[in-house]
Amino acid sequence: MSEYKPSAIEPKWQKFWKKSKTFKTDDSDTSKPKYYVLDMFPYPSSSGLHVGHPEGYTATDIIARYKRMKGFNVLHPMGWDAFGLPAEQYAVKTGQHPKVTTEENIKGFRKQLQAIGFSYDWDREVNTTDPKYYKWTQWIFLQLYKKGLAYQADVPVNWCPELGTVLANEEVIEGKSEVGGFPVVRKPMRQWMLKITEYADRLQEDLNELDWPESIKDMQRNWIGKSEGADIEFEVIGSNHKIKAFTTRPDTLFGATYMVLAPELDLVDEITVPEQRTEVNTYREKASLKSDLDRTDLNKNKTGVFTGAYAINPATGKEIPIWVADYVLAAYGTGAIMAVPGHDQRDWEFARKYDLPIIPVVEGGDISEKAHTDTTGRKIINSENNELSLNGLPVDEAKEKIVSWLEQKGSGKKTITYKLRDWLFSRQRYWGEPFPIIHVGNKSKALPEDKLPVKLPEVDKFQPADTGESPLHNVDEWVNTTDPETGLPARRETNTMPQWAGSCWYYLRYIDPKYEKGPVNPEKEKYWMPVDLYVGGAEHAVLHLLYARFWHKVLYDIGVVSTKEPFQRLINQGMILGELEFTALRDEYGHFVSTAGVKPEERVKYEPVSIPEKEVEKNGDQFVIKGTETVVDARSHKMSKSRGNVINPDEVIKRYGADALRLYEMFMGPLEQVKPWSMRGVEGVYRFLKRVWRLVIDDNNENLNKDVQDVEPTREQLKILHETIKKVTEDIDDNRFNTAISALMIFNNEAM
RNA sequence: GCGAGAGUGGUGAAAUGGUAGACACGCUAGAUUUAGGAUCUAGUGCCGUAAUUGGCUUGGGGGUUCGAGUCCCCCCUCUCGUACCA
């Protein structure tokens, strides 16, 4: 027993912790300072825990234990984001109910997490698929609905009549289904939408107060995509129609030589002249068959068609032609643009192709080469009419001046536009939260709160219905119900909520998971919120993290929560890649080919061969096969089953113990950084743990500290001790666990 | 294209503008061991040298400074995100 044996030590204490609830959060004394440290909860997959999970989880666990020891009430919970597609697809294949497989997976995950020794308060576990939990997800949806933030709309989806289903953009190639090659059309279908756009400004503004990585804040800012500009109205000649176009460059209005409408606009039909009608209709039909993916592929080659109609440029008074082109998106701005080919590259390409006039209105640049988009320090030219002159003004001043002129004339106004679209909130799936909505006749109606939860019915078929509707659509005894208020026959909404719904508010449920009067106990909410530290992967930057902020702000507005933002501080752990690999390329004759000269598209011609580290040497800044000039690739790849480089945490624990796993993942490098796994690195920290053990426990299994207690340490020894304490304290406060560990290694080396 | 981040030994990486490479992996030599493993000791940025003295070194180029991996400007490369957003 004198030897370091984690397999004997760790289970013993894990059992003790579980039995005596060592890490139960006691929040009865709210005069104590609090610290709420949160992990992004996992989807309990059938393949079990990945080494990426314990990375962030270990960091938060260190902080939780550290804060507890410093006298904080610490909330450090764990739960399951358990609705989702894999469980449902597995059910379609095997007929096994997702509830059953989900339960099994959760059991597996829980066991694995406990074997790593995390100090969670397991009494606060939440599970998004538990009706007691999703009752409150539905309740929050009802509040959104009552506030007018949830609505139904016909939005275009990729519909494949042959397959009888809706397809994702990625599943559609050149207007045909990836599976079977059947035609796909973009068809409007009635879907639930959430009005996240109403919160766009606040979601953007409040980012400034958050202690989040700049990169994540930037991604959210880009996604929300606030643009300040103006809406300008253009009269259509010979009709009562006016076209409103959004622009961020009203200063270039004098250079607007044509207009473009998105093909989807109804307006196109109304203004197209009879002789152009056939051509326009053909174009619109073709455009409707394109998926968004195709549209972006055709980036370089713009197409369009003339409507035959003309509008009047309000600045120049000149007639400008109105075109239809799919480089203009219906969903952004007004779906119509004033085209300024002199100063917008897209308009320039289009004008070149269809021979439309290009006029410079900002000094500098060469518009025979490309559009002149630079504005800094530039002055306006050629922009003058009887009432207005912008000539000589810097771009910013010209914007102000022309917009106030347009406002006076009543043909334009200052506008702010966002890229953010409303959130398509319904899915045609079984394994999700049902909507608390019934349809009576043609009307949708919210169920009263006392009818919650609307439980998922038991079914034995999980396939989508042949109409492309949710599998719930066929469950007649569930679908057919009565309106509790009028007693009239009603049909339940058969779509379900997306996986994001449950994860939008789970951090609130941990606060008092058994609370029955609302999603969260208001007293305790005031104590615990906001989350002091949230750790998770960056892949949710514009999904979960934006959606959760949106819901939280709605809950704030209706008084359910007391903070404007849910997550005060955020850290993204970097992905853990597989071990460093050296790959050579071999041609059909079995000869190695230097990777240096091979273009990415030529790679398919060769067979990749993995080369052992020992047979590789460095030559300049490249790696070559020893004794040759053959350059090999040296890279770490994302862990994947197909590549066979997945590290199973269970195996690591079996060989080296949970402490070595945790310590290694913290020692690899900075938490935020992407870094490759190294089994030798695990052995390194394992050796360190063995040395620590030997320092404390002697060959007779006696605790050596007993003997040294009476020994007076030297000044030098005290200095090292205190330096270590200082360094470790500061490093934990700054989440620099790798250097905290190295300080402990230095201390241990000295102590030995 | 645009946005963000990053380039330091053979590898993962350290370094309030102040001895670059801490700590660890790997490697070399030695001790112990029947052998292997484990453990311990010493060495290990690169180029010279028998050794010492020495010279060079943080992607490239310039600048600020007594002093730059760190600050400023230009360029190159890589990673991530995003994509016709008017």
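First the proteins, then the strands, lettered A, B, ... as listed; each starts at 1.
Nucleic acid contact for A:Arg687: sugar-phosphate only, since backbone atoms but no base atoms lie under 4.0 Å from a heavy atom of the residue. Nucleic acid contact for A:Asp347: none, since no nucleic acid atom lies under 4.0 Å from a heavy atom of the residue. Counting non-hydrogen atoms under 4.0 angstrom, A:Gly684 reaches the backbone sugars and phosphates but no base. Across all strands, A:Pro213 comes closer than 4.0 Å to no nucleic acid atom at all (heavy-atom distances). Among the protein residues, A:Tyr418 comes within range of no part of the nucleic acid, since none of its heavy atoms lies under 4.0 Å from any strand. Contacts of A:Ile746 with the nucleic acid, taken as non-hydrogen atoms under 4.0 Å apart, involve only primed sugar atoms and P, OP1 or OP2.
Under 4.0 Å is where a charged nitrogen must lie from a carboxylate oxygen, and between A:Lys302 and A:Glu349 at least one such pair does. Between A:Arg680 and A:Glu613 there is a salt bridge, since at least one side-chain N of the basic residue sits less than 4.0 Å from a carboxylate O of the acidic one. Salt bridge A:Lys719/A:Glu723: present, at least one basic N to carboxylate O contact under 4.0 Å.
Residue A:Gln345 has no polar side-chain atom (N or O) positioned under 4.0 Å from OP1 or OP2 of B:C84. At the phosphate of B:A24, OP1 or OP2 sits under 4.0 Å from a side-chain N or O atom of A:Asn749. In this structure, A:Thr417 does not reach the B:A86 phosphate: none of its side-chain N or O atoms is under 4.0 Å from OP1 or OP2. Between B:C84 and A:Lys302, no contact under 4.0 Å exists linking OP1 or OP2 to a side-chain N or O. Here A:Arg635 does not reach the OP1 or OP2 of B:C78: none of its side-chain N or O atoms lies under 4.0 Å away.
Rounded to whole Å, atom C1' of B:U11 lies 7 Å from atom CG of A:Leu580. Following rounding to the nearest Å, A:Lys419 (NZ) and B:A83 (P) show an atom-to-atom distance of 8 Å. Atom OH in A:Tyr686 sits roughly 9 Å away from atom P in B:U39 (whole-Å rounding). In this structure, A:Arg221 places its CZ atom 17 Å from P of B:U82, rounding to the nearest Å. Regarding A:Met745, its CE atom lies at a distance of 7 Å from the P atom of B:C25, rounded to whole Å. Straight-line distance from the CD1 atom of A:Ile741 to the C1' atom of B:C23: 10 Å, rounded to whole Å. Spacing between atom CG of A:Asp731 and atom C1' of B:A22 amounts to 12 Å, rounded to whole angstrom units. If you measure from atom CD of A:Glu723 to atom P of B:A14, you get 20 Å, rounded to the nearest angstrom.
When each of B:A38, B:A4, B:C84 is scored by its nearest atom to the side-chain atoms of A:Asp218, the top-ranked nucleotide is B:A4. The A:Trp223 side chain lies nearest to B:U82 when the options are B:C23, B:G26, B:U82. Side chain of A:Thr248, nearest nucleotide from B:U11, B:A86, B:A15: B:A86. Here B:A13 is the nucleotide among B:A13, B:A86, B:A14 with the atom lying nearest to any side-chain atom of A:Gln673.
The closest side-chain donor-acceptor pair between A:Asn208 and A:Arg221 falls under 3.5 angstrom. Using modelled atom types, one finds a donor on one side chain and an acceptor on the other under 3.5 Å when comparing A:Asn301 with A:Lys353. At a cut-off of 3.5 Å, with distance as the only test, a side-chain donor of A:Asp347 or A:Tyr327 sits close to an acceptor on the other residue. The closest side-chain donor-acceptor pair between A:Tyr283 and A:Thr303 falls under 3.5 angstrom.
In this structure, B:G9 shows a glycosidic angle within 90 degrees of zero, which is the syn conformation.
Nearest-nucleotide mapping onto RNA chain B: of A:Tyr664 and A:Arg680, the residue sitting toward the 5' end is A:Tyr664. RNA chain B is contacted by both A:Glu683 and A:Lys727; A:Lys727 maps to the nucleotide lying nearer its 5′ end (nearest heavy atom per residue).
Between B:C47 and B:G81, the two P atoms lie 39 Å apart (nearest whole Å). Rounded to a whole angstrom, the distance from the P atom of B:G63 to that of B:U57 is 15 Å.
A perpendicular orientation is assigned to the rings of A:Phe306 and A:Tyr310, their planes being inclined by more than 60° (bins at 30° and 60°).
The closest side-chain heavy-atom distance from A:Val535 to A:Met40 is not below 4.5 Å.
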>> In dot-bracket form, 5' to 3', how is RNA chain B paired? Count Watson-Crick and G-U wobble pairs only if both distances fall under 3.5 Å, and write | where the partner sits on another strand.
In response: (((((((..(((.....[....)))((((((.......))))))(((......)))..(((((..]....))))))))))))....

